[in-house]
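Taking it in order: structure first as structure tokens, then the write-up.
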2 protein chains.
Amino acid sequence: MTENTDLKDYWENKTRLLPSVSIDCVIFGFHNNQLKILLLKYKNTNYYALPGGFINLDEDLEDAAQRVLEDRTGLKDIYLEQFHVFGCKNRRNDETHQQIMSASGINLKPNHFLLNRFISIGYYALVDFSKVIPTPDDLSDSCQWYDLDKIPHLMFDHNQIFEKALETLRLMIYDKLVGFNLLPTTFTMNEIQNLYETILGEKLVRSNFQRKILSLGILERIEKKMTGAANKAPYLYRFVRD
Amino acid sequence: MTENTDLKDYWENKTRLLPSVSIDCVIFGFHNNQLKILLLKYKNTNYYALPGGFINLDEDLEDAAQRVLEDRTGLKDIYLEQFHVFGCKNRRNDETHQQIMSASGINLKPNHFLLNRFISIGYYALVDFSKVIPTPDDLSDSCQWYDLDKIPHLMFDHNQIFEKALETLRLMIYDKLVGFNLLPTTFTMNEIQNLYETILGEKLVRSNFQRKILSLGILERIEKKMTGAANKAPYLYRFVRD
DNA sequence: TATTATTGTATCTATTTGATACAATAATAG
DNA sequence: CTATTATTGTATCAAATAGATACAATAATA
């Protein structure tokens with residue numbers, strides 16, 4: 001396997017990276033009435049992980065997070081929020097890293113920076129599923145969407161990171177209206193409700209939910225969405241914010 | 001000025017510390033109906049700062065935060081919460097560090113780890129003011145309480161860190177009932193209200209506030225607090241949580 | 001025209017919140 | 001002993017919000 005120049009330079013020229021700190025991203029998308037997250041699978045291994053990366057020495061933390069997200073999704077200006085720092089001293093182990101690197105034909109010297117201790121800054125991102133172009137990194141053979149109820153065992157503390165992100169998203173869902181970042185430009189009331197039910201993990205009463213959302217004054221009614229179904233057509237709405 | 005052995009070892013033996021990461025703590029206390037925070041003043045300088053510190057290589061992040069807090073307050077098992085990571089690349093500058101260290105008789109070599117870039121993990125802590133023993137660190141000549149409306153200009157981004165902590169505390173005040181960590185074991189209804197008003201920065205309607213707090217079912221009425229004043233004595237309450 | 005299923009809105013009850021007032025002290029002056 | 005003052009605990013009414021349920025209005029087809 002040919003190791004490309006950028007990767008070799010990246011892994012070995014550690015002076016370009018901020019030591020000890022990594023970023024792990026929980027990227028949420030919404031499709032077919034299911035909340036999903038993007039996961040990587042490392043080449044020639046059964047290791048799954050959240051997308052993530054490091055911070056360049058000359059880069060703001062937030063810019064680094066945006067860059068990491070753009071690399072995996074192809075999108076710019078993604079809605080993202082920090083939600084927690086994960087800093088247990090034993091949250092990673094060398095053996096797993098060696099396996100992952102070996103599976104990609106890379107042998108880590110015992111004092112390689114990647115084997116040092118890292119704390120991870122957790123970000124959750126909300127993207128329009130239809131615009132994402134999932135893009136594996138150089139160590140992974142896939143970058144794919146997973147329904148929340150079909151998430152494989154993730155390496156290290158990534159399952160905990162994911163759960164903390166979901167918990168935070170649930171708390172924010174009404175206060176910050178972040179869920180709208182997961183919808184396309186226009187959507188129906190049924191789609192909004194399905195989104196909220198998926199995030200919150202509970203059934204909502206249709207008429208009360210609709211009254212509540214409409215009372216916020218954040219939706220503009222556009223036109224009816226005629227689908228050919230033998231029943232009343234729903235309105236399409238657009239998110240507007242003053 | 002004599003430099004004690006621990007400090008010399010600490011600053012020069014950087015392999016014991018996790019590089020690039022620091023902790024900054026906003027320590028809230030409540031006294032005389034005023035919310036206050038603990039601030040350090042560096043020796044022989046006019047530099048004020050939030051208490052903080054580093055993480056030992058063999059220490060969990062949370063343990064490091066507790067240790068830092070204990071060193072400044074003398075208290076264990078302090079209520080603390082992460083609230084944000086501050087990671088702008090230019091959030092600190094070498095000149096200020098040189099001045100602070102010089103003022104303490106320490107000359108930093110140009111490649112000293114302290115001059116490297118750091119991201120800071122912000123914690124807010126809520127302490128019982130009456131139990132705190134403010135303790136300066138080795139570089140500071142004072143560690144004192146400051147009313148929120150009398151905070152001096154802090155170095156680097158510490159004013160922003162403080163403001164973000166207060167914002168987060170305000171958001172959490174009803175959902176997590178964290179304010180009670182700031183009160184002594186027993187308190188009056190007037191004291192609770194003053195605490196909430198100080199945190200929220202707004203006047204509350206006495207009877208409605210009392211009804212709301214009592215309806216939570218988290219307070220146990222103890223006995224009356226007779227103060228000798230020519231009016232009705234208030235009850236003392238204790239915080240109980242199931 | 002009747003049917004079916006979906007969507008938008010209405011209605012009633014219950015709960016919570018905001019505004020305001022009243023009742024009950026506690027110590028002291030007269 | 002009564003009146004006064006100031007504070008605290010609770011009551012009350014109106015308004016707003018939330019929960020439960022139902023009704024009206026479609027849209028396409030048999």
Side-chain angles (χ1 to χ4, degrees), chain A residues 30 32-33 170-177 179-180 183-184 186-240, chain B residues 30 32-33 170-177 179-180 183-184 186-240:
Chain A
F30 184 65
N32 274 351
N33 285 338
R170 284 177 168 163
L171 287 173
M172 291 296 123
I173 197 67
Y174 284 114
D175 290 334
K176 286 191 170 183
L177 303 172
F180 288 95
L183 293 166
T186 59
F187 41 82
T188 65
M189 187 57 63
N190 183 266
E191 284 164 347
I192 306 171
Q193 178 170 346
N194 285 335
L195 169 65
Y196 272 65
E197 286 181 341
T198 302
I199 294 175
L200 294 170
E202 64 187 21
K203 197 68 178 163
L204 301 172
V205 176
R206 192 181 63 81
S207 54
N208 293 336
F209 174 77
Q210 176 160 350
R211 180 181 60 192
K212 176 171 183 172
I213 293 294
L214 289 179
S215 78
L216 295 174
I218 56 170
L219 294 185
E220 177 184 24
R221 187 171 282 178
I222 311 176
E223 73 274 5
K224 285 202 169 182
K225 182 184 182 186
M226 316 305 290
T227 64
N231 51 38
K232 187 174 182 178
Y235 283 105
L236 278 174
Y237 294 89
R238 179 165 58 202
F239 180 72
V240 294
Chain B
F30 185 64
N32 274 351
N33 286 339
R170 284 176 167 164
L171 288 173
M172 291 295 122
I173 197 66
Y174 283 115
D175 291 332
K176 285 191 172 183
L177 303 171
F180 287 96
L183 292 166
T186 60
F187 39 82
T188 64
M189 187 57 65
N190 184 266
E191 284 164 347
I192 306 171
Q193 177 171 346
N194 284 336
L195 169 65
Y196 272 64
E197 288 182 337
T198 302
I199 293 176
L200 294 170
E202 64 186 21
K203 197 68 181 167
L204 302 171
V205 176
R206 192 180 63 81
S207 54
N208 293 336
F209 175 76
Q210 177 160 349
R211 181 181 58 193
K212 178 172 183 171
I213 293 295
L214 289 179
S215 78
L216 296 174
I218 56 172
L219 294 185
E220 178 185 22
R221 187 169 283 177
I222 311 176
E223 73 273 6
K224 287 204 170 183
K225 180 182 183 186
M226 317 304 291
T227 62
N231 50 39
K232 189 175 180 179
Y235 282 103
L236 278 173
Y237 294 89
R238 180 166 57 203
F239 179 73
V240 295

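Please read these numbers as outputs of a predicted model, since none were measured by experiment.
- Nearest heavy-atom pair across Leu183(A) and Phe30(A) is CD2-CD2, 4.1 Å.
- Applying the ring pair (Phe, Tyr, Trp, His ring centres under 6.0 Å) test to Phe239(B) and every residue at least two apart in sequence or in another chain returns Phe180(B).
- Taking every heavy atom of residues 218-229 of chain A and every atom of DNA chain D, pairs under 4.0 Å involve Lys224(A), Met226(A), Gly228(A), Ala229(A), by number.
- A side-chain contact (heavy atoms from CB on, under 4.5 Å) with Tyr237(A) is found for one member of Leu214(A), Ile222(A), Thr188(A), Thr186(A) and no other, namely Leu214(A).
- Using a 4.0 Å cutoff to heavy atoms of chain B, the contacted part of DNA chain C runs 5' to 3' from dT17(C) to dA27(C).
- The two residues Glu220(B) and Val240(B) come nearest to each other via the heavy atoms OE1-CG1, 3.8 Å.
- For Lys224(B), the NZ atom sits in a packed shell: over 12 heavy atoms of surrounding residues, nucleotides or ligands are nearer than 6.0 Å.
- One distance of note links OG1 of Thr198(A) with CD of Gln193(A); it measures 10.0 Å at 0.5 Å rounding.
- The distance from atom CG of Leu171(A) to atom CG of Leu200(A), rounded to the nearest 0.5 Å, is 10.0 Å.
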Next on the checklist: Run Leu216(B) and Tyr174(B) through side chain to side chain contact (heavy atoms under 4.5 Å, CB included) and show every step you take.
Outcome noted: CA-CA 10 Å; Leu216(B) 296 174; Tyr174(B) 283 115; 5.9 Å; no

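- A heavy-atom distance below 4.0 Å to DNA chain C is reached by these residues of residues 200-213 of chain A, ordered by number: Arg206(A), Ser207(A), Gln210(A), Arg211(A).
- Residues Lys225(A) and Ala233(A) come closest through the heavy atom pair O-CB, 3.5 Å.
- Both Asn231(B) and Thr188(A) lie close to DNA chain C; mapped to their nearest nucleotides by heavy-atom distance, the more 5′-ward contact belongs to Thr188(A).
- DNA chain D contains the following stems of three or more consecutive Watson-Crick or G-U pairs, with both distances under 3.5 Å: C:1-30 with D:1-30.
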Under 3.5 Å, sequence neighbours excluded: what are the donor-acceptor pairs made by side chains of residues 202-213 of chain A?
{"residue": "Asn208(A)", "atom": "OD1", "partner": "Arg211(A)", "partner atom": "NH2", "Å": "3.4"}

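- Mapping Ala233(A) and Ser215(A) onto DNA chain D via the closest heavy atom, the residue that lands nearer the 5' end is Ser215(A).
- A 4.5 Å side-chain heavy-atom check between Leu219(B) and Phe187(B) finds at least one atom pair inside the cut-off.
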Next on the checklist: Please determine whether side chain to side chain contact (heavy atoms under 4.5 Å, CB included) holds for the pair Asn33(A) and Glu197(A), giving the CA-CA distance in whole Å, both sets of side-chain angles, and the decisive distance to 0.1 Å.
Outcome noted: CA-CA 9 Å; Asn33(A) 285 338; Glu197(A) 286 181 341; over 6 Å; no

